[in-house]
Enquirer: 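Below you'll find the structure I mean.
In this chain, numbering begins with 1 at the start of the sequence shown.
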Amino acid sequence: MDRIAKLASQKAVVIYSKSTCCMCHAIKRLFYEQGVSPMIHELDEDSRGKEMEWALMRLGCSTAVPAVFIGGEFVGSTNTIMTLHLNGSLKKLLKDAGALWL
């Protein structure tokens, strides 16, 4: 849990992902298209990835990935991020976290 929090606070946007997950790919693409350069942590490429997956699920992720942190705070997974994007709230969160300047 501490490792997740430490990594999540290193950049304005941190995405915990798996390189083979199509929903993770879609979420990463969404952020790139917004002009955001998130820190991506691929759990399937980390020796402690399984342990981190369990910790993410304890945080409230219904599925461990994608798990998105903005400004060091856990925001949610695919459904939450897409809802925020569609209702226009995502840009404000990104601006407040310093991930977007425009």
Enquirer: List, by chain and then residue number, the residues other than M23 in its hydrophobic cluster (Ile/Leu/Val/Met/Phe/Trp/Tyr, side-chain heavy atoms under 4.5 Å); write none if there are no others.
Expert: none
Enquirer: What residues, two or more places apart in sequence or in another chain, satisfy side-chain contact (heavy atoms from CB on, under 4.5 Å) together with N79?
Expert: none
Enquirer: The criterion is salt bridge (Lys or Arg N to Asp or Glu O under 4.0 Å); which residues satisfy it with K11, sequence neighbours excluded?
Expert: none
Enquirer: Could you check whether any side-chain N or O of S17 sits under 3.5 Å from a backbone N or O of H41, counting only pairs where one atom can act as donor and the other as acceptor?
Expert: no
Enquirer: Of all heavy-atom pairs between L56 and A67, which one has the smallest distance, and what is that distance?
Expert: CD2-CB, 3.8 Å
Enquirer: Is the side chain of D44 donor-acceptor paired with the backbone N or O of K18 at a distance under 3.5 Å, no angle test?
Expert: no
Enquirer: Applying salt bridge (Lys or Arg N to Asp or Glu O under 4.0 Å), which residue pairs with at least one partner in residues 65-87 are found, sequence neighbours left out?
Expert: none
Enquirer: Which residues satisfy the salt bridge (Lys or Arg N to Asp or Glu O under 4.0 Å) test with E33, sequence neighbours excluded?
Expert: R29
Enquirer: Is any side-chain heavy atom of I27 closer than 4.5 Å to a side-chain heavy atom of M82?
Expert: yes
Enquirer: Report the residues that fulfil side chain to side chain donor-acceptor pair (under 3.5 Å) with S9, sequence neighbours left out, ordered by chain and then residue number.
Expert: none
Enquirer: I'd like to know if I15 and M52 are part of one continuous hydrophobic network [Ile/Leu/Val/Met/Phe/Trp/Tyr, side-chain heavy atoms within less than 4.5 Å].
Expert: no
Enquirer: Measure across S77 and P66 and return the closest heavy-atom pair with its distance rounded to 0.1 Å.
Expert: OG-O, 2.6 Å
Enquirer: Go through the structure and list residues passing side chain to side chain donor-acceptor pair (under 3.5 Å) with S89, not counting sequence neighbours.
Expert: N87
Enquirer: At their closest point, which heavy atom of L43 faces which heavy atom of E53, and how far apart are they?
Expert: CD1-CG, 3.5 Å
Enquirer: Could you grab the distance from atom OG1 of T20 to atom NE2 of H25, nearest 0.5 Å is fine?
Expert: 12.5 Å
Enquirer: Under 3.5 Å, which donor-acceptor pairs link side chains of residues 91-102 to any protein atom two or more places apart or in another chain?
Expert:
unit_1	atom_1	unit_2	atom_2	d
K91	NZ	Q34	OE1	3.2
K92	NZ	D96	OD2	2.8
K95	NZ	L102	O	3.2

Enquirer: Please answer: with hydrophobic residues joined when any side-chain heavy atoms are less than 4.5 Å apart, are V14 and Y32 in the same cluster?
Expert: no
Enquirer: Listing request: all ring pair (Phe, Tyr, Trp, His ring centres under 6.0 Å) pairs with a residue in residues 53-78, at least two apart in sequence or in separate chains.
Expert: Y16-F69, F69-F74
Enquirer: Minimum heavy-atom separation for I81 to G76, with atom names?
Expert: CG1-O, 4.2 Å
Enquirer: Identify, with sequence neighbours excluded, every residue that meets salt bridge (Lys or Arg N to Asp or Glu O under 4.0 Å) alongside E42.
Expert: K28
Enquirer: Hey, could you give me each pair passing salt bridge (Lys or Arg N to Asp or Glu O under 4.0 Å) that has a residue in residues 74-88? Not counting sequence neighbours.
Expert: none
Enquirer: Please name all residues satisfying ring pair (Phe, Tyr, Trp, His ring centres under 6.0 Å) with F31, sequence neighbours left out, ordered by chain then number.
Expert: none
Enquirer: Verify the cluster assignment for V75 and I40: are they in a single hydrophobic cluster under the rule of side-chain heavy atoms below 4.5 Å apart?
Expert: yes
Enquirer: Do the non-hydrogen side-chain atoms of L90 and I70 ever get within less than 4.5 Å of each other?
Expert: yes
Enquirer: Between R58 and I4, is the side chain to side chain contact (heavy atoms under 4.5 Å, CB included) condition met? List the steps.
Expert: CA-CA 12 Å; R58 285 194 303 272; I4 289 172; over 6 Å; no
